[in-house]
Peer 1: 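Dropping a structure here in structure tokens format, bear with me for questions.
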Amino acid sequence: MAEIKDWILSYGTKIDYDGEVVGGKPHGWGKGYYRSGRMYEGEWKEGKQNGYGRFYYETGELWYEGEWKDGRRHGQGKSYFEDGSVAYNGKWEDGKPVK
């Protein structure tokens, strides 16, 4: 396990990362802590969220759980409103729900 301060995600957002690292990038299982107070916990590949993961609101409530690809929600997943009720459960492509 390693820690990376000020890792810049592909869309320009800085996070602090704690987890597995390969080649100086988040890779494997880890947690990304956003300046806003949000947090991602899950799989990473070459510095991006990739595989299964959970993303949390600033309050600690679950925002999304499911599959990711290249830093975006992609595959099966479920998003939640901040009160914990389900916002969408189904397939995602390129960060957007498929309806």
Side-chain angles (χ1 to χ4, degrees):
M1 296 298 235
E3 188 175 303
I4 300 173
K5 295 282 187 187
D6 296 328
W7 178 256
I8 300 174
L9 297 172
S10 58
Y11 46 88
T13 300
K14 283 185 182 180
I15 64 166
D16 289 334
Y17 174 82
D18 186 22
E20 296 175 278
V21 173
V22 173
K25 298 178 182 178
H27 192 92
W29 190 263
K31 294 180 181 180
Y33 300 93
Y34 292 70
R35 301 296 185 268
S36 66
R38 292 185 176 211
M39 191 265 292
Y40 170 83
E41 173 182 39
E43 295 175 272
W44 296 77
K45 182 179 177 184
E46 298 178 0
K48 298 177 184 177
Q49 298 99 325
N50 210 83
Y52 179 80
R54 293 183 174 150
F55 200 90
Y56 295 89
Y57 285 103
E58 298 86 347
T59 60
E61 297 296 321
L62 188 58
W63 178 71
Y64 174 82
E65 64 180 331
E67 298 175 82
W68 297 75
K69 182 179 177 185
D70 295 328
R72 296 174 185 242
R73 295 172 285 180
H74 192 92
Q76 285 299 121
K78 190 184 295 187
S79 63
Y80 299 88
F81 293 110
E82 206 163 352
D83 68 5
S85 62
V86 175
Y88 177 77
N89 183 11
K91 188 173 180 179
W92 297 77
E93 286 185 11
D94 199 28
K96 297 177 182 157
V98 176
K99 299 193 179 193

Peer 1: Please assess Trp68 against Asn50 for the test side-chain contact (heavy atoms from CB on, under 4.5 Å), listing each intermediate value before the final yes or no.
Peer 2: CA-CA 5 Å; Trp68 297 75; Asn50 210 83; 5.5 Å; no
Peer 1: In this structure, would Val98 and Val86 fall into the same cluster of hydrophobic residues linked by side-chain contacts under 4.5 Å?
Peer 2: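 Different hydrophobic clusters.
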Peer 1: Determine the minimum heavy-atom distance between Ser85 and Asp83, stating which atoms define it.
Peer 2: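 Looks like OG-OD1, 2.7 Å.
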Peer 1: Name every donor-acceptor pair, under 3.5 Å, that has one atom in a side chain of residues 69-78 and the other anywhere in the protein, sequence neighbours excluded.
Peer 2:
{"from": "Arg73", "atom 1": "NH2", "to": "Gly95", "atom 2": "O", "distance (Å)": "3.2"}
{"from": "His74", "atom 1": "ND1", "to": "Asp94", "atom 2": "N", "distance (Å)": "3.0"}

Peer 1: For Tyr34, give me all partners under ring-ring contact (aromatic ring centres under 6.0 Å, His included), at least two apart in sequence or on another chain.
Peer 2: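 Result, ring-ring contact (aromatic ring centres under 6.0 Å, His included) vs Tyr34: Phe55.
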Peer 1: Kindly compute the distance separating OH (Tyr40) from OH (Tyr56), expressed to the nearest 0.5 Å.
Peer 2: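 Output value for this atom pair is 10.5 Å.
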Peer 1: How long is the span from the CD1 atom in Ile15 to the NZ atom in Lys31, to the nearest 0.5 Å?
Peer 2: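 Rounded to the nearest 0.5 Å, the CD1-NZ separation comes to 13.0 Å.
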Peer 1: From Trp7 CH2 over to Lys48 NZ, what is the distance, rounded to the nearest 0.5 angstrom?
Peer 2: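 Rounded to the nearest 0.5 Å, the CH2-NZ separation comes to 10.0 Å.
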Peer 1: If I take atom OH from residue Tyr52 and atom CD from residue Glu65, how far apart are they, to the nearest 0.5 angstrom?
Peer 2: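 So the OH of Tyr52 and the CD of Glu65 are separated by 4.5 Å.
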Peer 1: In chain order, what residues pass the ring-ring contact (aromatic ring centres under 6.0 Å, His included) check against Trp92, with sequence neighbours excluded?
Peer 2: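 Trp92 satisfies ring-ring contact (aromatic ring centres under 6.0 Å, His included) with Tyr64, Tyr88 once adjacent residues are dropped.
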Peer 1: Hey, what do you get for OG (Ser79) to CH2 (Trp63), rounding to the nearest 0.5 Å?
Peer 2: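 Between Ser79 OG and Trp63 CH2, I get 7.5 Å after rounding to 0.5 Å.
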Peer 1: Give me each pair satisfying side-chain hydrogen bond (donor to acceptor under 3.5 Å, both in side chains) with a member in residues 13-28, each pair once, sequence neighbours excluded.
Peer 2: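 Pairs touching residues 13-28 that pass the test: none.
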Peer 1: Would Lys5 and Glu3 pass as an ion pair if we require N to O under 4.0 Å?
Peer 2: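 Glu3 and Lys5: salt-bridged.
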Peer 1: Which ILVMFWY residues can you reach from Val22 by hopping between side chains whose heavy atoms are under 4.5 Å apart?
Peer 2: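 Members besides Val22: none; it forms no cluster.
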Peer 1: Quick one: list whatever passes salt bridge (Lys or Arg N to Asp or Glu O under 4.0 Å) with Glu43, sequence neighbours left out.
Peer 2: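 Testing Glu43 for salt bridge (Lys or Arg N to Asp or Glu O under 4.0 Å), a comparison that skips the adjacent residues, returns none.
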Peer 1: For Gly47 and Leu9, work out which heavy atoms get closest and say how close.
Peer 2: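 Heavy atoms only, the tightest pair is O-CD2, 3.9 Å.
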